[in-house]
Visitor: 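Before we start, here is the structure in question, set down as structure tokens.
FYI, side chains are in, hydrogens and waters are out, and symmetry mates aren't considered; it's all heavy atoms of this structure. Everything numeric in this text was worked out from a predicted model, so none of it was measured.
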Amino acid sequence: MAVPAGGYARWRARIMAMLWLALCLAGPARAVAVPETACPVLDLTAAQADIASLPQVCFLQDETHALGPDDILGGQLPMARRDADQLVFQHNRSAYWVYVPLRNQEPVGQSWYLQLDYPLLDEVDVWVYDLGTGPVPRVSPRLLTTERMGDARRFDARPVRHRLFLLPLEFGPSQSLAVVLRVRSGGAINVPLSLHSSVSAIGGAQDHGLSQGMFLGALVMLALFNAALYLRLRIRQSLYNTAYIVCAGLFLTSMSGLSFQYLWPDWPWLANRSVPLTETLALLSLLWFTRHFLGISPERWPRQAVLIRMLARIGAALFVASLFVPYALIIKIDTIYALVCMVAMFGLGLRHLRQGERAARWYVFSWVVFFAGYLAYGLAAFGYIPGFMAQERWMQVGLGSQIFLLTYAEVMQLHDLMHRALEIEAGARSSLQREVQSRTADLRATMGALEQANRQLRELTLHDPLTGLLNRRGLDEALARLPGPEDASAPGTLIIFDLDHFKKVNDAHGHDAGDAALKWVAEVLVNLLRRRSDVLARFGGEEFVAVLPATSLGDAVVLASGVLDHVRRHRVELDNGRSIPLTLSAGAAQWREGETPQDLFRRADENLYRAKAGGRDRLVADGTF
């Protein structure tokens, strides 16, 4: 019997409906694909390289933990839809099921990677089913593979060694696959799913590895710098800043999954506990850094000292509790504790800034920059806003900027201490000179006392009163006392430094600014040329002389180049808040056998002349043109 036009389609629909009903009545043991009307199939083509967020993903909240993958695949339960970057849930005890049907539109096979961009999940179970080829799915999907991943399992259980959750998917020609995910965690649950081709996945991993390596390398360099400061100067805040950098870096790597991948892949327990442990250690280090950096002593700031001590004791207790208290509870307590500590330290910095402490400006500014990155990062980590990976980059920027500014604040504080020490020394010298003059007038009648006063006065006349360096007379006497080149293990070298365009500095900023520039250059020479045998002098108005005994010309050129580079890169800070740039020209000459100090000085001066004639801001030594 012929089937009338249009009737064939109706009969086919009725047969398919009856078959569907029979399969549903057979029970969940026989899984059936979800109809496309319920969960749309995502078509994949070779022209696509990435799908940053899967659109309209079907998901289901399982409060009783009683469902299995067949229940999700069978399509018997109502499922909600949401874009993958919006699959963000605050902490609860439920498990979340996600269903992702995919179809290869190409007549050849393709390789893709399904990526879950949130590393802090305890359990991520995945089932991959074959739905067949062509536009009509299999009636009975075939299970291809099962993967069990997550922080609660060993790292090597993952199909791809990566800090995130990567699932390789191999499609045959025109093949359809269904991916069923079950996610459960003790913290917030984010399920930002994305798809990447094999080439794109490799490139993305390389780019992320480069950025992470640069960030962690910068942290290592700052930690080493602070450790060197502590070992050289024994400054306590540098030690605590080093500890803060290390612990904060471990906290971020734990949050990003890098610690689990590289440091403790065989210890899932530590992978879960490393976040609250490193967070607490970082806060404790920062509290003690704040105490020493701001000079919070019980004698001067009793209330502030009590606050720091109380917060430190709470942090120590939380560190111990992090080993035993469930993660879902301790991470919330640690977060509240972190907010209280950060607000307290920011408030202490503001209090000291109002007291006029210059270094506190950079301390306060570091917290402003840090808060900008921390707020978005914390909200994403707890599931209040999507885009955890994007907020992770902002957190890295905020934390890196804070650590850099804290280190810079340390350096500025050391600079201020050295400046105050030099001022005290200059004041002491001025006071001594006045005392000598007074005693000279009183004891003029006594010959012995007069000779003693004259000797003291003569010592003072050998130094330049502005810079504290030797003057021209003191330089001549120092040169006369130095051994000749034949008596030294290596011939000595003389360097003449000249301040470029010094007259313009006086004309543009006044003589007080010129005096400040001269004093600053003298401080640079004293700080960079530290040996006791070296002779430093102010020879003329803006000329300085450095005599380096037993120093080869090559070593002297390295030292002098460092002085020129330091002056070039830094500016002189004036009392009125302005700053001026400076440069130096220099000429260097090595002491030759049979040569007098005058000959040595003449050759160095000729080299200086060639340096200034060549454009200034440079060094000319023997043998260079």
Visitor: Find out whether F497 and V521 are in side-chain contact, i.e. whether some heavy atom of one side chain is under 4.5 Å from a heavy atom of the other.
Guide: no
Visitor: Rounded to the nearest 0.5 Å, what separation is found between the CG atom of L311 and the CH2 atom of W288?
Guide: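 L311 atom CG to W288 atom CH2 measures 10.5 Å (nearest 0.5 Å).
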Visitor: Quick one: do R568 and D565 make a salt bridge, cutoff under 4.0 Å?
Guide: yes
Visitor: Using the side chain to side chain contact (heavy atoms under 4.5 Å, CB included) rule, take L406 and F289 through it: C-alpha gap first, then chi angles, then the decisive distance, then the call.
Guide: CA-CA 10 Å; L406 289 178; F289 169 84; 3.8 Å; yes
Visitor: Do you know the tightest heavy-atom contact between T493 and T551?
Guide: OG1-O, 2.8 Å
Visitor: For D622 and A589, which heavy atoms make the closest approach, and how far apart are they?
Guide: OD2-CA, 3.3 Å
Visitor: So that I can tick it off, tell me whether E595 and R603 are bridged by a salt bridge, with the cut-off set at under 4.0 angstrom between side-chain N and carboxylate O.
Guide: yes
Visitor: Is Q402 close to L286 at the side-chain level, that is, under 4.5 Å between some pair of heavy atoms?
Guide: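 SC-SC contact between L286 and Q402 confirmed.
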Visitor: Which heavy atom of L499 sits nearest to which heavy atom of A517, and what is that distance?
Guide: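 For L499 versus A517, the nearest heavy atoms are CD2-CB, 4.4 Å.
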Visitor: Is the backbone of A588 close enough, under 3.5 Å, to the side chain of N607 for a donor and an acceptor to pair up by distance?
Guide: yes
Visitor: Has the side chain of S366 got a donor or acceptor atom that lies under 3.5 Å from a matching backbone atom of Y363?
Guide: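 Yes.
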Visitor: Please evaluate residues L258 and Q261 with respect to the criterion side chain to side chain contact (heavy atoms under 4.5 Å, CB included), reporting the C-alpha separation (whole Å), side-chain torsions for both, the decisive distance (0.1 Å), and the verdict.
Guide: CA-CA 5 Å; L258 288 173; Q261 180 178 357; 4.1 Å; yes
Visitor: How long is the gap from OG1 on T407 to OH on Y244, to the nearest 0.5 Å?
Guide: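 Output value for this atom pair is 10.5 Å.
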Visitor: Keeping R163 on the side-chain end and S256 on the backbone end, is there a donor-acceptor pair under 3.5 Å?
Guide: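 At least one qualifying donor-acceptor pair exists.
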Visitor: Please determine whether ring-ring contact (aromatic ring centres under 6.0 Å, His included) holds for the pair H352 and W301, giving the CA-CA distance in whole Å, both sets of side-chain angles, and the decisive distance to 0.1 Å.
Guide: CA-CA 11 Å; H352 284 258; W301 306 98; 4.7 Å; yes
Visitor: Please answer whether the main-chain N or O of D498 pairs with a side-chain N or O of S585 as donor and acceptor at a distance below 3.5 Å.
Guide: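 Such a contact is absent between S585 side chain and D498 backbone.
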Visitor: Are more than 12 heavy atoms, taken from residues, nucleotides or ligands other than R602, located less than 6.0 Å from that residue's CZ atom?
Guide: yes
Visitor: Taking side chain as C-beta onward, heavy atoms only, is S322 less than 4.5 Å from D334?
Guide: yes
Visitor: Roughly how far, to the nearest 0.5 Å, is the CD1 atom of I580 from the CG atom of L582?
Guide: 5.0 Å
Visitor: Does CE in M310 sit with more than 12 non-hydrogen atoms of other residues, nucleotides or ligands closer than 6.0 Å?
Guide: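 For M310, atom CE is crowded (more than 12 foreign heavy atoms under 6.0 Å).
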Visitor: Please determine whether a side-chain nitrogen of the Lys or Arg among K612 and D500 lies less than 4.0 Å from a carboxylate oxygen of the Asp or Glu.
Guide: yes
Visitor: Is it true that, when you exclude H570 itself, more than 12 heavy atoms of the residues, nucleotides or ligands shown sit nearer than 6.0 Å to its NE2?
Guide: yes
Visitor: Using the benzene-type ring in the case of Trp, are the ring centres of F293 and Y240 under 6.0 Å apart?
Guide: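 Centroid separation for F293 and Y240: 6.0 Å or greater.
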Visitor: Evaluate side chain to side chain contact (heavy atoms under 4.5 Å, CB included) for L277 paired with F319, printing each intermediate quantity in order.
Guide: CA-CA 6 Å; L277 289 173; F319 177 80; 3.6 Å; yes
Visitor: Answer whether the closest heavy-atom distance between the side chains of T467 and D464 falls below 4.5 Å.
Guide: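 Yes; the side chains approach each other to less than 4.5 Å.
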Visitor: Name the orientation class of the two ring planes belonging to F370 and W367 (parallel below 30°, tilted from 30 to 60°, perpendicular beyond 60°).
Guide: perpendicular
Visitor: Just by distance, no angles: are the side chains of S238 and N241 close enough, under 3.5 Å, to form a donor-acceptor pair?
Guide: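 On atom types as modelled, these side chains do not qualify, holding no pair under 3.5 Å.
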Visitor: Does any non-hydrogen side-chain atom of L584 lie less than 4.5 Å from one of V563?
Guide: yes
Visitor: Can you name the nearest heavy-atom pair linking I235 to Y230, along with the distance?
Guide: O-CD1, 3.3 Å
Visitor: Kindly say whether L287 contributes a backbone atom to a donor-acceptor pair with the side chain of R291 at under 3.5 angstrom?
Guide: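 Side chain of R291 to backbone of L287, a donor-acceptor pair under 3.5 Å: no, none is there.
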Visitor: What do you reckon, is CG of D575 surrounded by more than 12 foreign heavy atoms closer than 6.0 Å?
Guide: no
Visitor: Would Y262 and T253 satisfy side chain to side chain donor-acceptor pair (under 3.5 Å), going step by step from the backbone distance to the final call?
Guide: CA-CA 10 Å; Y262 293 106; T253 55; over 6 Å; no
Visitor: Tell me if the CZ atom of F215 is crowded by more than 12 foreign heavy atoms within 6.0 Å.
Guide: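 Buried by this count: over 12 neighbours within 6.0 Å.
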Visitor: Take atom CZ in R232; do more than 12 heavy atoms of anything else shown fall under 6.0 Å from it?
Guide: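 No - once you tally the heavy atoms of other residues, nucleotides and ligands closer than 6.0 Å, there are 12 at most.
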Visitor: When rounded to the nearest 0.5 angstrom, what distance separates CD1 in I495 from CG in L525?
Guide: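 That separation rounds to 9.5 Å.
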Visitor: Taking atom OH of Y609 as the centre, does the number of heavy atoms from other residues, nucleotides or ligands within less than 6.0 Å exceed 12?
Guide: no
Visitor: Would a 4.5 Å heavy-atom cut-off, applied to side chains only, mark L469 and H463 as touching?
Guide: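 They are not in contact (no side-chain heavy atoms under 4.5 Å apart), so the answer is no.
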Visitor: Over 60° means perpendicular and under 30° means parallel, so classify the ring planes of F539 and F601, tilted if in between.
Guide: tilted
Visitor: Does a side-chain heavy-atom distance below 4.5 Å link L528 with L559?
Guide: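 No, their side chains stay 4.5 Å or more apart.
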Visitor: What's the separation between atom CD in Q598 and atom CG in L479, rounded to the nearest 0.5 Å?
Guide: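 Interatomic distance, Q598 CD to L479 CG, rounded to 0.5 Å: 8.0 Å.
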Visitor: Side chains of R351 and Q304, heavy atoms from C-beta outward: is any pair under 4.5 Å?
Guide: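 Yes - at least one pair of side-chain heavy atoms lies under 4.5 Å apart.
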Visitor: Evaluate whether atom CZ of F346 has more than 12 neighbouring non-hydrogen atoms of other residues, nucleotides or ligands under 6.0 angstrom away.
Guide: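 Yes.
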Visitor: Decide yes or no on side chain to side chain contact (heavy atoms under 4.5 Å, CB included) for L536 and V545, but give the supporting numbers first.
Guide: CA-CA 6 Å; L536 301 177; V545 176; over 6 Å; no
Visitor: Quick check: closest heavy atoms across S254 and T278, and the distance to 0.1 Å?
Guide: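 Smallest heavy-atom distance, with atoms named: OG-OG1, 4.3 Å.
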Visitor: Grab the two heavy atoms, one from Q237 and one from Q413, that are nearest each other, plus how far apart they are.
Guide: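 Result for this residue pair: NE2-OE1, 2.7 Å.
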Visitor: Quick check for you: to the nearest 0.5 Å, what is the distance between L284 atom CG and I308 atom CD1?
Guide: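 So the CG of L284 and the CD1 of I308 are separated by 11.0 Å.
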Visitor: Would you call K519-D515 a salt bridge at under 4.0 Å N-O?
Guide: no
